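Each chain gets a letter, A, B and so on, in the order its sequence line appears, and its residues count up from 1. These numbers were taken from a predicted model, which means no experiment stands behind them.
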Number of protein chains: 2
Amino acid sequence: MNAVCDHDHLHSGLDGARLDRALSEAEARVVSAGERMTPPRRRVLSLLLESGEPVKAYDLIARFGEDGQAAKPPTVYRALEFLERHGMAHRIASISAYVACAGQEVGGSHAAAFLICDCCGVTREIDGPGQDVIAAAGAAAGYAIARTTIEAHGLCAACRDAA
Amino acid sequence: MNAVCDHDHLHSGLDGARLDRALSEAEARVVSAGERMTPPRRRVLSLLLESGEPVKAYDLIARFGEDGQAAKPPTVYRALEFLERHGMAHRIASISAYVACAGQEVGGSHAAAFLICDCCGVTREIDGPGQDVIAAAGAAAGYAIARTTIEAHGLCAACRDAA
DNA sequence: GCGTTTCTGTTATGAGATAACATCACGGAC
DNA sequence: GTCCGTGATGTTATCTCATAACAGAAACGC
């Protein structure tokens, strides 16, 4: 995504049967939560899963129509909000982009931390101890922490080697 | 800042002699780094210090002129970039706002984590173990981490009690 | 079927940030 | 002192990101 280097990048999105399966599973989870996986929601999730890395909202808007027609911004933003609410997508605040949630098994909203390669865009979602540490630090300072944004930028192994 | 509650809030910015002293110290540090503390840079830093909590860029733009005249956006964004470069201000990505750096003693750029009260806006900068933990998790995944964004939202002790 | 709720389509606009270029001030070389 | 290079500022314009507001359509419960 960010062109801070000149070597080639592999891409890691889903396609074909794997994409279909992920979408079906997502739909099942949404339905079991008593909500609907409507066409725009499915479409936005599909675009995020196909990409496999953070995507800008206006890229989603541009790619929304299968026929090349762009969507109107609220269509995509509403879908993103829905997907975030169900823990299927996350906003990466530091780059104003959105990414499909890796751990689609887990239901509902969940904390997440991200490792983002500034070169190829590969993004790893980790649920390590980061949240615990920051929540503990917050508690020590008297804060009741409700939500954390943890984003680490750098180079992934492949890009470091290629550089 | 965010009006998610209805009780009163204390504010914690600098003023008078303490503000003057902070600005003088900042200028000394800039000069010793071989750069200049020009009027717009000083003005933006002053606004951030006076506020004591995260401020939106366009609020800085609106308050820039002592006479009530707004600045042009690049004036303020350039000053913010300069202050960030010198570790005197930080961008809070999750709310698109900027805050003066608490640890003005430390020179140069430094990692930081923030505890942000969604009610009164009070923001604590902590340099706890958060960065280390996330950097270690990144290293374990093969990433060379260059920069982290760590922002925890919740309620500070005062707002929790007042709620 | 009928009302309620939820979602979508659409228009418009608000908020955040930067590109590009002309001009101005500072500091060093001579 | 003056010339020149560098870096900062002023200014215009534009680009990107995100949401408010409201009308219409689809799904659901009864």
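- In summary, B:Arg29 and B:Glu25 do not engage in a salt bridge, as defined by a charged side-chain N under 4.0 Å from a carboxylate O.
- Taking 4.5 Å as the limit, some side-chain heavy atom of A:Ser96 sits within range of a side-chain heavy atom of A:Arg91.
- Secondary-structure annotation of DNA chain C gives the stems C:1-30 with D:1-30, with a stem taken as at least 3 successive Watson-Crick or G-U pairs whose two distances both fall under 3.5 Å.
- When the nearest nucleotides of DNA chain C are assigned to A:Tyr58 and A:Phe64 by heavy-atom distance, the more 5′-ward of the two goes with A:Phe64.
- Listed nucleotides C:dA17, C:dT8, C:dT6 differ in distance to A:Pro40; the shortest reach to its side chain belongs to C:dT8.
- Taking atom CZ of B:Arg91 as the reference point, atom C1' of D:dC17 lies 11 Å away to the nearest angstrom.
- For D:dA27, the OP1/OP2 oxygens have no side-chain nitrogen or oxygen of A:Arg36 closer than 4.0 Å.
- Counting heavy atoms from C-beta on, the side chains of B:Ile134 and A:Ile150 come closer than 4.5 Å.
- The distance between atom CZ of A:Arg43 and atom P of C:dT8, rounded to the nearest whole Å, is 15 Å.
- In this structure, the side chains of B:Thr75 and B:Val44 stay at 4.5 Å or more apart for every pair of heavy atoms.
- Put simply, the side chain of B:Val99 reaches to within 4.5 Å of the side chain of B:Phe114, judged on heavy atoms.
- A heavy-atom distance below 4.5 Å is found between the side chains of B:Val122 and A:Tyr143.
- Interface residues of residues 66-82 of chain B facing DNA chain C, ordered by number: B:Pro73, B:Pro74, B:Tyr77, B:Arg78; criterion, heavy-atom separation under 4.0 Å.
- Closest to the side chain of A:Arg41, out of C:dA17, C:dT8, D:dA18, is C:dT8.
- Remark: C1' of C:dC26 and CD of B:Glu35 are 14 Å apart, rounded to the nearest angstrom.
- B:Leu48 has its side chain within reach of B:Leu80: a pair of non-hydrogen atoms, C-beta onward, lies under 4.5 Å apart.
- Under 4.0 angstrom from either OP1 or OP2 of C:dT8 there lies at least one side-chain N or O belonging to A:Thr38.
- Annotation: side chain of A:Val30 is not in contact with side chain of A:Arg41 (no heavy-atom distance under 4.5 Å).
- For A:Lys56 and D:dT16, the shortest distance from a side-chain N or O to OP1 or OP2 is not below 4.0 Å.
- In terms of hydrophobic clustering, with Ile, Leu, Val, Met, Phe, Trp and Tyr side chains grouped at heavy-atom distances under 4.5 Å, B:Leu47 and B:Tyr77 are assigned to a common cluster.
- Checking D:dG7, C:dA17, D:dA18 against the side-chain heavy atoms of B:Ser96 singles out C:dA17 as nearest.
- A:Ile95 places its CD1 atom 17 Å from the C1' atom of D:dA18, with the value rounded to the nearest Å.
- Distance CD1 (A:Ile61) to C1' (D:dT19): 11 Å, rounded to an integer number of Å.
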